[in-house]
Amino acid sequence: MDYSKFISKLSSRRKPSCISELRRALDNCSPSLVWLASGMPNPEKFPFREMTVTLEGGKKLTLSKETLSAGLQYGPSHGYLPFRNQLKRMVEQWHAPPRWAESDLIVTVGNQDGISKALDMLLDPEDFIVVPDPCYSDFLCMLSSLAPQIVAVSVDDQGMRPDILQSALEKAISSGSTGIPKALYLVPNSCNPTGTNMGEERRQEIYAIAQQYDLIILEDDPYCFLQFNDKYLPSFLSMDVDGRVLRFDSFSKVVSSGLRIGFVTGPPPLLQGITLHMQASCICPPMLSQVLIHELLTSWGDEGFKKHISDICQFYKEQRDAMIQALKTHLTGICEWIVPEGGIFVWLKNPHVMQPCNPWNYVLQHFIRAVAAS
Amino acid sequence: MDYSKFISKLSSRRKPSCISELRRALDNCSPSLVWLASGMPNPEKFPFREMTVTLEGGKKLTLSKETLSAGLQYGPSHGYLPFRNQLKRMVEQWHAPPRWAESDLIVTVGNQDGISKALDMLLDPEDFIVVPDPCYSDFLCMLSSLAPQIVAVSVDDQGMRPDILQSALEKAISSGSTGIPKALYLVPNSCNPTGTNMGEERRQEIYAIAQQYDLIILEDDPYCFLQFNDKYLPSFLSMDVDGRVLRFDSFSKVVSSGLRIGFVTGPPPLLQGITLHMQASCICPPMLSQVLIHELLTSWGDEGFKKHISDICQFYKEQRDAMIQALKTHLTGICEWIVPEGGIFVWLKVLHLSDTSAMLLERGAKGDIVLVPGREFMVDSTKPSPYMRAAYSCVTPEEMMKGMENLAKLIQKEIELQSTHT
């Protein structure tokens, strides 16, 4: 694929950080090299000397001196190497991407930061981006500042409708804009906000349309492990024969949201734009957070990870069941809803309210607030 | 001050995150409120149950269940509240800002992320930003994508020269551009890369010029605590009678760089633009990092903090002394340098070379010595530069001696190489 056409003017001007680039030389350097290039503080002076974490189940993890030191020092902009390698192994195992040898993976400050930087990398104001309608609200906030041309595609109970997508793209192309349709964003599993899952056939249809119009697919998938029926639908990454998918994973819903760790998998020329932006902003993702998750996953192994996922799925399934029960008890005849098969959201419709309403005034009972559609 | 004139078009379009804004309602809510608004995972399912940290000196800190839970969950975009309050108390104590009641403070993912988001908030491509020349190279990287009009101001041994600043601003204003000079960036203490400190009188001169041209001052001050002579120069924040300073602090050099925590102090209308950007990107700064630093600072108290600063200053002073000794031993007559009074850098000038880039980037690693070429810090990176930046923070005195010996050989070879080509 020709990736150069996708890079925004702002991103194409981005100059690599010489200091970050020089730091790569440390990966394979002679032991006699005297390194005076990076403004790194001396780790001996960091006041934290030891760290022990107790996991669910009681197991204790004590970070080695070297690991703790790595967690407290600047690290590579694209992520802590042992952690990246671990994640790559997991992604290869889960998705078997057809172009795995031509792919790479970087760590970001939560998956949303990866998405934000991907949009900065891709979109000039005249370009088009396809979004489902309704769409994750924070994604619309990201678009609000960039102000690209938005192609909104209505959804059904599987997400974006291919027929509407096709006609919306045709309309965009013939609009006379100097921009091009660049990317398509979706949350294929337990979509935020609708809670729906996009079926396998629908995913293939969407992928085919993305091929036809040469779009980058932004696969935002923070709920992929929160599926209640042990049914994992194939990801867009797993069907990516062209190298047009940027997949955004998150640890927020399965390990911790406060650690702020996500990761992006995709073609190196696109990851490069995000990495350069990392160099010029946060420098690197939080190292201690990466170290802790790495140690946790190592401690668990594949079996431990599966067990944890199974446990949290069971928990959220019970939460969902209780929610549906509460809805049935109090909102039958007042609202409509689809029962979600995963994730943490239920999308409610009050068919009697036609006007957009102020969320602060949307009160079903005295003690409930919900994010209202508007 | 009229802050609206400073906000870039991109920033003015930024829509607040409804979810983040709704979350503010949790601060003062009724105990009977049922909150279904944010997509927050259930903290009972996070696999970390306890955390204990041992500090230098042997003291153990065990995070309480509530504190660990806060560290593992999404938090406010502008920072973990107890930590923000703690930092505000410290900033008030250190700087006594004249407009403290009208100021606020937010936490960022390292201070550089705060600066990056401040630039996104302020600069349209037609606007002017004033930078010292040479300038911190990563700051120039941030500017490279935004591509504003850069007003480069030469420096002397105190930093930006006021006379050159004044004439450069006059030139910008009369250039016919539709943009305005918006901001002035500087690193007043142990400047990166030159290592110089800007004296108090110079700071007042620069502030006065910023007033005259109505500029926002971006005070980047990660080395403020690494001053070797117990002499703390007044910050721009401490003289900010107008509310035109955005001050960027960092914990990277005094507590940990890997935790990625910095903070920004300044006028709320400007912090708001950064906060909205946080909402739409990382959501919040890393919570566990904030919790750990908060617990550490609480455990230390003011006395413990002062003791720690004193200890690291002593350490870096000895590092500096060893570096200067190594320079004197091997580079007298080959390089010039100013002895830094703080921080971690020394800025070297090679006497008989016009440019150091090829030498360091292509031949340095083979010569077992790597410094950053001066050209990376120059606003016009196409021009040759005989300078180099050396960081003395992480090497032993023995390594410094060896390194400077290697550097002397490398320079000698380069001089010979260049003379065979001419």
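Basis for what follows: all heavy atoms, side chains included, without hydrogens, waters or symmetry-related copies. Since the structure is predicted, the reported quantities are computational estimates derived from the model, not experimental observations.
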What option among Leu226(A), Thr62(A), Ile19(A) has the most heavy-atom pairs under 4.5 Å with chain B?
-> Ile19(A)

Answer key: most heavy-atom pairs under 4.5 Å with chain A among Ile312(B), Ile283(B), Val291(B), Leu143(B) is Ile283(B)

Kindly say whether Asn42(A) contributes a backbone atom to a donor-acceptor pair with the side chain of Tyr316(B) at under 3.5 angstrom?
-> yes

Leading residue by heavy atom contact count with chain B [cutoff under 4.5 Å; candidates Arg13(A), Met287(A), Lys59(A)] = Arg13(A)

Do the side chains of Leu288(A) and Leu63(A) get nearer than 4.5 Å, heavy atoms only?
-> yes

Most heavy-atom pairs under 4.5 Å with chain B, out of Thr54(A), Ile261(A), Val254(A), Leu259(A), belong to Thr54(A)

Looking only at Val109(B), Leu10(B), Leu119(B), the option with the highest number of non-hydrogen pairs under 4.5 Å against chain A is Leu10(B)

Can you tell which of Asp120(B), Asp138(B), Leu407(B) has the highest number of heavy-atom pairs within less than 4.5 Å of chain A?
-> Asp138(B)

Interchain contact, Arg260(B) with chain A, by part (heavy-atom threshold 4.5 Å) = side chain

Under 3.5 Å, is there a donor-acceptor pair between the Thr108(B) and Asp113(B) side chains?
-> no

Which region of Met121(B), side chain (C-beta onward) or backbone (N, CA, C, O), has a non-hydrogen atom less than 4.5 Å from a non-hydrogen atom of chain A, or is it both or neither?
-> neither

Max heavy-atom pairs within cutoff under 4.5 Å with chain B, candidates Cys18(A), Gly110(A), Gly71(A), goes to Cys18(A)

Quick one: are Ser144(B) and Leu140(B) in side-chain contact, heavy atoms under 4.5 Å?
-> no

Taking every heavy-atom pair that is under 4.5 Å apart, which of Pro373(B), Ala280(B), Ser145(B) has the most such pairs with chain A?
-> Ser145(B)

Side chain, backbone, both or neither: which part of Glu44(A) has a heavy atom under 4.5 Å from chain B?
-> neither

Partner of Met323(B) under side chain to side chain contact (heavy atoms under 4.5 Å, CB included), picked from Val395(B), Val346(B), Ile344(B), is Val346(B)

Between Tyr74(B) and Pro41(B), which heavy-atom pair has the shortest distance, and what is it?
-> CE1-CD, 3.7 Å

Taking Cys284(B), Ala365(B), Pro43(B) one by one, which has the highest count of heavy-atom pairs under 4.5 Å against chain A?
-> Cys284(B)

Answer yes or no: is there a donor N or O on one side and an acceptor on the other, between the side chain of Ser393(B) and the main chain of Met40(A), under 3.5 Å?
-> yes

Chain A: which of Val255(B), Asn192(B), Asn111(B), Leu276(B) shares the most heavy-atom pairs with it under 4.5 Å?
-> Val255(B)

With side chains defined as the heavy atoms from C-beta onward, is the minimum distance between Ser289(B) and Phe251(B) less than 4.5 Å?
-> no

Which one, Pro125(A), Ser17(A), Gly343(A), leads in non-hydrogen pairs under 4.5 Å with chain B?
-> Ser17(A)

Contact leader toward chain B among Pro285(A), Pro16(A), Ser252(A), where contacts are heavy-atom pairs under 4.5 Å = Ser252(A)

Below 4.5 Å from any heavy atom of chain A, which atoms of Leu146(B) appear? Answer side chain, backbone, both or neither.
-> both

Salt bridge (charged side-chain N to carboxylate O under 4.0 Å, His left out) between Lys402(B) and Glu405(B), worked out | CA-CA 5 Å; Lys402(B) 189 66 193 153; Glu405(B) 185 186 353; 3.6 Å; yes

